[in-house]
Amino acid sequence: MKIRSYLISKAPSFAESEVAPIHLGDLNGRHYYAFAKGVKPVKGSKNVEDSELEDAIKSSLLIQQIKEEAARRILLLAPQWKQQNALIDIYLFGKLERLDEQQQARLQEAEALLQSIQDIRQRSDEIEASFLKGVAVEYLTDQAWESDHA
């Protein structure tokens, strides 16, 4: 991962570049960019320390939009009440020594739902990591969220 920051007052133009870096956001008077492997940052940048990177990521509009898209997809899959019901089923049925067929079916359905939600969350993390490596993903497309895409 190659993250660099530039003073806002001295931010370079990447108009002439064949491969532009990904602008992660602005924080404390600096622009933060992620450069793809093999792309050399222009002069005037500084390396970003881990603590500074953490703050830049937290304030990044791009990262927030990826998280919002993941949340939208999760709620499309299952509204909050359905997620809560699945958690309750897993909790309560997990305490029982024996389950009847209906309980077993509900438990399997709840586990499958939560696994699907976890898959979306994991893919969100992968998409964010891709951007931090300087590689853009069209995260608003269904294809970007397919589990075999990773």
Side-chain angles (χ1 to χ4, degrees), residues 1-6 8 11 14 17-41 45-150:
M1 174 170 26
K2 199 181 332 178
I3 308 286
R4 299 286 195 274
S5 72
Y6 296 86
I8 288 177
F14 297 101
S17 176
E18 288 183 27
V19 181
I22 294 173
H23 184 258
L24 298 174
D26 303 328
L27 181 66
N28 299 329
R30 299 191 74 84
H31 287 292
Y32 289 81
Y33 292 94
F35 291 84
K37 187 176 182 176
V39 176
K40 186 177 178 182
S45 69
K46 80 168 194 160
N47 288 331
V48 176
E49 301 296 325
D50 288 343
S51 61
E52 186 181 9
L53 176 59
E54 193 175 308
D55 290 342
I57 289 171
K58 284 179 185 175
S59 69
S60 171
L61 182 58
L62 173 63
I63 300 298
Q64 289 172 19
Q65 289 171 335
I66 295 167
K67 290 183 183 307
E68 288 171 4
E69 180 61 14
R72 185 190 73 78
R73 288 173 180 276
I74 289 169
L75 289 174
L76 195 60
L77 176 67
Q80 285 284 357
W81 63 267
K82 193 170 187 177
Q83 295 175 46
Q84 290 171 341
N85 287 347
L87 289 170
I88 290 168
D89 285 349
I90 289 172
Y91 177 75
L92 293 177
F93 294 147
K95 289 183 167 191
L96 301 177
E97 288 185 29
R98 291 180 170 224
L99 300 176
D100 62 29
E101 281 186 32
Q102 185 180 14
Q103 290 169 326
Q104 186 65 37
R106 282 179 52 190
L107 179 60
Q108 289 173 345
E109 185 179 312
E111 288 172 340
L113 174 64
L114 293 183
Q115 183 58 56
S116 295
I117 291 170
Q118 180 59 25
D119 291 345
I120 293 170
R121 293 175 65 221
Q122 182 177 345
R123 185 62 188 136
S124 175
D125 290 345
E126 292 166 356
I127 291 170
E128 291 171 29
S130 180
F131 275 99
L132 293 176
K133 291 176 185 171
V135 180
V137 174
E138 292 185 44
Y139 64 91
L140 295 177
T141 66
D142 290 339
Q143 183 181 8
W145 292 87
E146 293 172 1
S147 59
D148 64 338
H149 192 276

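Minimum heavy-atom separation, F131 to I66: CD1-CD1, 3.6 Å. Between A110 and A86, the shortest heavy-atom contact is CB-O, 3.5 Å. Across every non-hydrogen atom of R73 and Y139, the tightest pair is NH2-O, 4.3 Å. When all heavy atoms of I63 and I57 are compared, the pair lying nearest together is CB-O, 3.9 Å. Summarising the geometry of S130 relative to V135, their closest heavy-atom pair is OG-O, 2.7 Å, with the distance given to 0.1 Å. Residues Q83 and I74 approach most closely at NE2-CG2, 3.5 Å, considering heavy atoms.
You'll find the side chain of Y33 stays beyond 4.5 Å of the side chain of L24, heavy atoms only. Between L132 and I22, the closest side-chain pair of non-hydrogen atoms is not below 4.5 Å. Looking only at side-chain heavy atoms (C-beta outward), F93 and Q104 stay at 4.5 Å or farther from each other. Proximity of I8 to D26: side-chain heavy atoms (C-beta onward) are separated by under 4.5 Å at one or more points. Side-chain contact between K133 and K37 is absent, with no heavy-atom pair separated by less than 4.5 Å. Side-chain contact between Q64 and L61 is present, with heavy atoms from C-beta onward closer than 4.5 Å.
Atom CG of D100 has more than 12 neighbouring heavy atoms from other residues, nucleotides or ligands inside a 6.0 Å radius. At most 12 heavy atoms of other shown residues, nucleotides or ligands fall within 6.0 angstrom of atom CD in E49. Within 6.0 Å of CG in D125 there are more than 12 heavy atoms belonging to other residues, nucleotides or ligands.
Between R121 and Q118, the side chains place a donor N or O and an acceptor N or O closer than 3.5 Å (distance only, hydrogens not considered). Inspection of the Q115 and D119 side chains reveals an N or O donor paired with an N or O acceptor under 3.5 Å. A donor-acceptor contact closer than 3.5 angstrom links the side chains of E128 and S124.
Taken from CG in N47 to CZ in R4, the straight-line distance is 4.0 Å, to the nearest 0.5 Å. To the nearest 0.5 Å, atom CD1 of residue I3 and atom NZ of residue K46 are 13.5 Å apart. Taking CG of N85 as the start and CD of E109 as the end, the distance is 10.0 Å to the nearest 0.5 Å.
With respect to R72 and E68, no salt bridge is recorded, no charged nitrogen being found less than 4.0 Å from a carboxylate O.
Judged by distance alone, with hydrogens and angles left aside, the side-chain atoms of R123 form a donor-acceptor pair with the main-chain N or O of A144 at under 3.5 Å. Between the side chain of S45 and the backbone N or O of Y6 there is no donor-acceptor pair closer than 3.5 Å. Listed for the S60 side chain is no donor-acceptor partner under 3.5 Å among the backbone atoms of A56. Of the possible polar contacts, one joining the S59 side chain to the D55 backbone as a donor-acceptor pair under 3.5 Å is found. Using a distance-only test at 3.5 Å, with no hydrogens or angles considered, no donor-acceptor pair links the side chain of K95 to the main chain of I90.
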Could you check E111 against R106 for salt bridge (Lys or Arg N to Asp or Glu O under 4.0 Å), going step by step and ending with a plain yes or no? CA-CA 9 Å; E111 288 172 340; R106 282 179 52 190; over 6 Å; no
What do the steps show when you test S5 against H31 for side chain to side chain contact (heavy atoms under 4.5 Å, CB included), and what is the final call? CA-CA 5 Å; S5 72; H31 287 292; over 6 Å; no
